[in-house]
Structures are given as C-alpha cells and as structure tokens.
Protein chains: 2
Amino acid sequence: MDIEVLRRAPLFTTLSDEVFSALTEELTEVDLSRGASVFREGDQGDQLYFIVSGKIKLGRTAPDGRENLLAVLGPGELFGEMALFDPSPRNATATAVSETRLAGLRHENLRKVLKTSPEVSVQLLQALARRLRRTNESLADLVFSDVPGRVAKALLDLADRFGRPATDGVLVAHELTQEELAQLVGASRETVNKALAEFVQRGWLRLEARAVVILDIQRLRQRSR
Amino acid sequence: MDIEVLRRAPLFTTLSDEVFSALTEELTEVDLSRGASVFREGDQGDQLYFIVSGKIKLGRTAPDGRENLLAVLGPGELFGEMALFDPSPRNATATAVSETRLAGLRHENLRKVLKTSPEVSVQLLQALARRLRRTNESLADLVFSDVPGRVAKALLDLADRFGRPATDGVLVAHELTQEELAQLVGASRETVNKALAEFVQRGWLRLEARAVVILDIQRLRQRSR
DNA sequence: GAGACGATGTGACACCTTCCACAACGATAG
DNA sequence: CTATCGTTGTGGAAGGTGTCACATCGTCTC
C-alpha cells in the first residue's frame with residue numbers, strides 16, 4: 001500500500017504519526033480496472049474510500065437507463081463519506097475511469113480515529129463543504145449556461161485538477177469518452193462533440209485520445225462564463 | 001428568544017442541558033421581513049444561522065442578473081455552515097421569503113461547543129451530508145426531467161416539508177411567487193405557470209395566493225418521475 | 001490483413017423551452 | 001374610488017438541444 005498519497009491528503013496531514021500509522025493498519029486495499037464499480041446506487045455500505053491512484057466517476061442512473069455524472073475524482077480525493085453520516089443506501093454508483101487503486105476505511109474504524117483526534121472531523125467537514133460548493137456550482141451552471149459553456153467549464157475544471165503543462169498548452173488527460181464527458185455536463189454526446197469541434201475549429205483546443213490539449217485558455221475561460 | 005425550536009433541532013437534541021444553555025447565551029437574534037437579506041454572495045462571514053420561524057431562500061445571481069435558487073429552508077433548518085469550514089466568501093445570497101426570525105452563531109462560539117461536545121460535529125456532518133444528497137438530487141432532476149416534472153417534484157418536496165392537511169387535500173403554503181418557484185426549478189416563469197395551469201386543469205392542484213392545495217398527490221408523484 | 005466493435009464526427013428534423021408581447025387580476029397608496 | 005405596481009395568465013416566434021441516422025476512424029482480435 002502506497003501510504004505517501006494518503007499522508008499528503010488533507011484529511012490526514014494534521015494527524016500525528018502514531019495516529020496515522022494506527023489508521024493505515026485499518027485500511028483495505030482495493031484495485032479496479034476501467035469500468036469496474038466500487039459500489040452501486042442502492043447498495044448498503046459504510047465504507048469511505050480514498051483514491052490512491054487512478055480516477056473514479058460518481059454517477060446516477062435514471063429509471064429509463066440514462067446516466068449522469070456527479071463528479072470525476074482523482075488521487076488524494078475521497079468519496080463514499082455520505083454513507084457514514086446519512087444512513088441511507090448509496091445514492092450514486094462509483095466506477096473506475098482507469099486503472100485505479102483505492103484505500104477503504106470502515107465506519108467503525110473511522111469512529112475510532114474521530115474519538116482520538118477530533119481535528120479529523122473538521123477536515124471531513126471541510127471536504128464535505130467543498131463538495132457541496134462544487135455541486136452548487138454545477139447546479140448553477142446547468143441553469144445558466146448552454147452546452148458549449150458547460151463543456152468549456154468542465155474542461156477548465158479538469159485542467160485545474162489533472163492538467164499538466166505541454167509544449168503548446170495544457171495537456172488534460174481526463175481519460176473520459178465523449179459519452180462520459182456528456183454525462184458530466186448533462187448533455188447528449190452529439191451536442192458535446194459539436195461543441196468540442198467548434199472549439200478545435202477556433203483553435204482553442206486539440207483533441208487526443210481521451211484527452212485534450214488546451215491551446216487558448218483565455219478564450220476558453222471567456223466562453224465558459 | 002424562542003429556544004424551543006432550537007432545542008428540537010437535530011444539531012442540539014443530543015446536547016446536555018448545561019452545554020445547550022451555555023450555547024444559547026452566545027446566540028444572536030436576527031429578525032427579517034420579506035425580501036431582506038441575511039448575507040449576499042461574495043460577503044465575508046463566519047456565522048451559522050438557525051431558522052426559528054419563517055423561511056429563507058438561498059440563491060445565486062448570474063453575471064447577467066438572472067437568479068437561481070439552491071434551496072428554500074424552513075424552521076429548524078440551518079444554513080451558512082459552509083463559511084465555517086471552507087474559508088471563502090459566501091457563494092449564495094440568503095433572503096427572507098416571509099417574516100423570519102433567525103438565531104446566529106459565530107464561528108468562535110461554535111468552536112467552543114465542538115471542543116466540549118464532539119457529537120455536535122457528527123450532527124453537522126449529517127446536516128451537510130443530507131444537504132449534499134438533496135443537491136445531488138436536484139442536479140439529477142435538472143438533467144433528467146422536463147419542466148413540468150421538476151415543478152411536480154418541487155411541489156411534492158415543499159409539501160413534505162411545509163404541507164398541512166386540508167379538507168380536500170394538502171395545503172402547501174410555500175409563500176413563493178411563481179417567479180421564485182421558477183428560479184427554484186431552473187426554468188422561466190412562463191413555463192412554470194403553464195405547467196401549473198396544466199396540473200390545475202387535470203384536477204391535481206388548486207392554486208391559492210402563494211400556496212397550492214394538492215388534490216391528487218398520486219398523479220402528481222407519477223408525473224414527477 | 002480482415003472483421004468487429006467501440007468511439008467519434010456530422011447533418012436533418014422535431015420538440016421543448018425561452019423570450020417577447022400583452023391582457024387580466026389583486027393589493028396597496030393616495 | 002382610482003391609479004399604480006407587482007403578480008399571474010396566455011399566445012406565438014425564435015432558438016437551442018435531443019434524437020435519429022449514417023459515415024468515419026481506431027484498436028483489438030483472430
């Protein structure tokens with residue numbers, strides 16, 4: 001188990017070495033390949049997960065089968081925390097977007113940590129507050145922006161979190177298909193594809209396999225408002 | 001200050017009498033009339049609020065002036081908690097929908113309580129988790145449902161929280177204008193008005209001044225899916 | 001290399017929703 | 001009582017998006 005990533009995660013940086021090592025004893029390692037699910041909507045579950053490496057998408061399925069992504073999370077981020085405090089079934093499905101390694105923590109073990117080091121609860125509160133803020137943001141975007149605007153915003157957000165400087169811009173290896181990107185912004189694949197094509201045609205982007213290179217971040221940012 | 005409502009609120013029910021009375025010493029009373037704001041988007045603020053009586057809407061404003069409601073909250077509910085843990089400006093404006101009385105609690109005072117009774121942090125975590133769950137729900141609705149469906153859903157939700165049995169159905173005194181209801185479901189006032197008119201015409205609803213009476217909750221529920 | 005299959009690119013059309021326009025209604029102030 | 005202003009009720013045009021339909025491309029397998 002690669003504990004370095006965990007040590008650096010906000011939730012644990014404040015912990016003393018002793019508490020932290022006691023905690024790592026309790027962690028369960030989970031490995032997933034693309035498309036594999038950690039849990040599904042409706043499941044019972046009381047486990048909290050940290051992403052050690054890879055990416056996880058949180059999605060919901062409508063009765064008619066359509067899907068919608070709530071978030072795409074990367075290394076260092078956590079999910080499944082709601083099950084710990086709001087005792088109802090999982091309200092989303094968590095699926096690996098790429099090869100992914102997780103560390104799982106059971107409710108009872110987290111309890112122990114919360115007892116011995118209450119500052120962890122503040123960290124958890126912060127994590128939840130941030131997530132709520134992001135979700136509120138997405139909600140406002142859905143109401144205010146058109147599809148191209150939401151695509152631009154999603155790309156910028158992905159760039160912030162997964163982007164790496166390249167020779168001619170920022171490489172965003174999001175590892176999502178256009179179908180998944182469409183589910184993330186709440187639109188059809190076709191419309192997203194046309195939005196992307198327009199951005200490419202304007203010279204703001206270059207498309208690669210499950211990745212984009214942002215060439216003109218200024219214009220893209222302007223279009224996202 | 002009417003402390004009965006606070007005593008019953010989930011956040012405080014677990015507190016001992018001593019801790020609770022120490023806490024109430026720290027509360028600030030705030031009275032608002034319809035349209036008055038507690039805080040605005042972009043404000044700095046480190047206060048958490050409980051609704052003693054009345055209703056509060058949390059809204060966001062787009063650069064072009066359009067508005068969008070994140071939630072409408074009633075007695076016993078709390079808001080403004082994100083400012084405590086995610087140290088950035090308010091990302092929403094809180095406005096009274098009717099005559100409203102609030103109890104405000106400053107960050108430093110909450111800290112004190114968290115120290116002496118850590119179970120409060122679990123309650124706060126639960127409150128945030130519930131809110132996140134609700135927001136995720138709204139997000140999915142925006143993607144999956146058409147405007148009439150979202151209106152039906154919003155009415156059912158308001159009925160759950162503010163409804164009272166009446167002679168011929170459930171009276172929902174939401175106190176919102178159709179404009180506000182439209183902002184809540186993320187649609188234009190006109191479209192919402194037409195959806196309501198259709199429901200009335202089908203005999204599912206009766207409209208009253210800033211209220212509705214739900215006559216056929218079954219059909220309405222069916223339409224909301 | 002030949003299929004096969006998933007992912008991507010693109011056009012046409014239908015439909016829902018917004019936007020604009022205007023009428024009707026109700027409460028409040030003078 | 002009347003004028004005003006916010007709210008509600010409705011119709012029609014314009015525009016964005018989803019759906020459908022197919023072509024193209026790439027990768028993996030045999």
Side-chain angles (χ1 to χ4, degrees), chain A residues 33-35 57 62 64-69 95 97-98 141-155 173-202 205-213 223-224, chain B residues 33-35 57 62 64-69 95 97-98 140-155 173-202 205-213 223:
Chain A
S33 48
R34 173 171 170 86
K57 61 176 180 180
D64 63 5
R66 282 179 300 167
E67 281 208 45
N68 158 41
L69 298 186
T95 307
V97 172
S98 55
D141 291 344
L142 270 174
V143 174
F144 294 138
S145 308
D146 58 6
V147 175
R150 302 206 296 272
V151 170
K153 201 157 229 166
L155 291 178
H174 53 65
E175 308 188 81
L176 302 171
T177 65
Q178 291 187 0
E179 176 71 50
E180 289 169 322
L181 189 56
Q183 292 167 350
L184 183 60
V185 303
S188 72
R189 180 194 63 82
E190 293 90 331
T191 308
V192 169
N193 178 285
K194 285 162 191 169
L196 287 172
E198 192 199 311
F199 293 163
V200 169
Q201 192 258 317
R202 288 177 189 271
L205 289 183
R206 190 153 41 78
L207 296 186
E208 301 193 354
R210 284 179 189 170
V212 299
V213 177
R223 182 61 180 86
S224 79
Chain B
S33 47
R34 175 173 169 83
K57 61 175 179 180
D64 63 4
R66 282 179 302 167
E67 281 207 46
N68 158 41
L69 298 186
T95 307
V97 172
S98 56
D141 291 343
L142 269 174
V143 174
F144 294 138
S145 308
D146 59 4
V147 176
R150 301 207 298 271
V151 170
K153 202 156 227 167
L155 291 177
H174 53 65
E175 309 187 80
L176 302 172
T177 64
Q178 291 188 358
E179 175 73 49
E180 289 170 322
L181 189 56
Q183 291 167 353
L184 183 60
V185 303
S188 71
R189 181 194 61 83
E190 294 91 328
T191 310
V192 169
N193 178 285
K194 285 162 191 169
L196 287 171
E198 190 199 312
F199 293 164
V200 168
Q201 193 258 318
R202 288 178 189 270
L205 288 184
R206 190 153 43 76
L207 296 185
E208 300 194 353
R210 284 177 187 172
V212 299
V213 178
R223 183 60 179 88

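Between the CD atom of B/E198 and the C1' atom of D/dT8 there is a distance of 17 Å, rounded to whole Å. Taking atom CZ of residue B/R66 and atom C1' of nucleotide C/dT17, one finds them 13 Å apart after rounding to whole Å. Atom-to-atom, CG of A/L176 to C1' of C/dG6 comes out at 16 Å; the value is rounded to the nearest Å. The CZ atom of B/F144 sits 16 Å away from the C1' atom of D/dT17 (whole-angstrom rounding). Taking atom CD of residue B/Q201 and atom C1' of nucleotide D/dG9, one finds them 14 Å apart after rounding to whole Å. We find that CD of A/E180 is positioned 14 Å from P of C/dG6, with the value rounded to whole Å. Note: CG (A/L196) to P (C/dA7) measures 16 Å, nearest angstrom. C/dT8 atom C1' lies 17 Å from atom CZ of A/F199, rounded to whole Å.
Electrostatic pairing of B/E190 and B/K194 does not count as a salt bridge here, judged by no charged N lying under 4.0 Å from a carboxylate O.
Among all heavy-atom pairs drawn from B/A154 and B/V185, the shortest one is CB-CG1, 3.6 Å. The shortest heavy-atom contact between A/V143 and B/G186 is CG2-CA, 4.0 Å. When all heavy atoms of A/F144 and B/R66 are compared, the closest pair comes out as O-NH2, 2.9 Å. Of all heavy-atom pairs between A/K57 and A/E180, the closest is NZ-OE2, 2.8 Å.
Less than 4.0 Å separates DNA chain C from at least one heavy atom of each of the following residues of residues 206-213 of chain A: A/L207, A/R210. Remark: A/R189, A/E190 in residues 183-192 of chain A come within less than 4.0 Å of DNA chain C through at least one heavy atom.
Side-chain N or O atoms of A/R150 include one that pairs as donor or acceptor with a backbone N or O of A/S145 at under 3.5 Å.
Counting distance only, with no hydrogens placed and no angle test, the side-chain atoms of A/K194 and the base atoms of D/dG18 include no donor-acceptor pair under 3.5 Å.
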Inset, instruction - Begin with the C-alpha distance, continue with both residues' side-chain angles, and end with the deciding distance and a verdict on side chain to side chain contact (heavy atoms under 4.5 Å, CB included) for A/T95 and A/E67. - result: CA-CA 12 Å; A/T95 307; A/E67 281 208 45; over 6 Å; no
Inset, instruction - Start with the C-alpha distance between A/T177 and A/R210, add both sets of side-chain angles, then the distance that settles side chain to side chain contact (heavy atoms under 4.5 Å, CB included), and finish with yes or no. - result: CA-CA 6 Å; A/T177 65; A/R210 284 179 189 170; 3.4 Å; yes
Inset, instruction - Could you give me the CA-CA distance, side-chain angles and deciding distance for A/V212 and A/F199, then say whether side chain to side chain contact (heavy atoms under 4.5 Å, CB included) is met? - result: CA-CA 11 Å; A/V212 299; A/F199 293 163; over 6 Å; no
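A/N193 comes within 4.0 angstrom of a nucleotide base, judged by non-hydrogen atoms across all strands.
Comparing C/dT17, C/dT10, C/dT8 by their nearest atom to the side chain of A/T177 picks out C/dT8.
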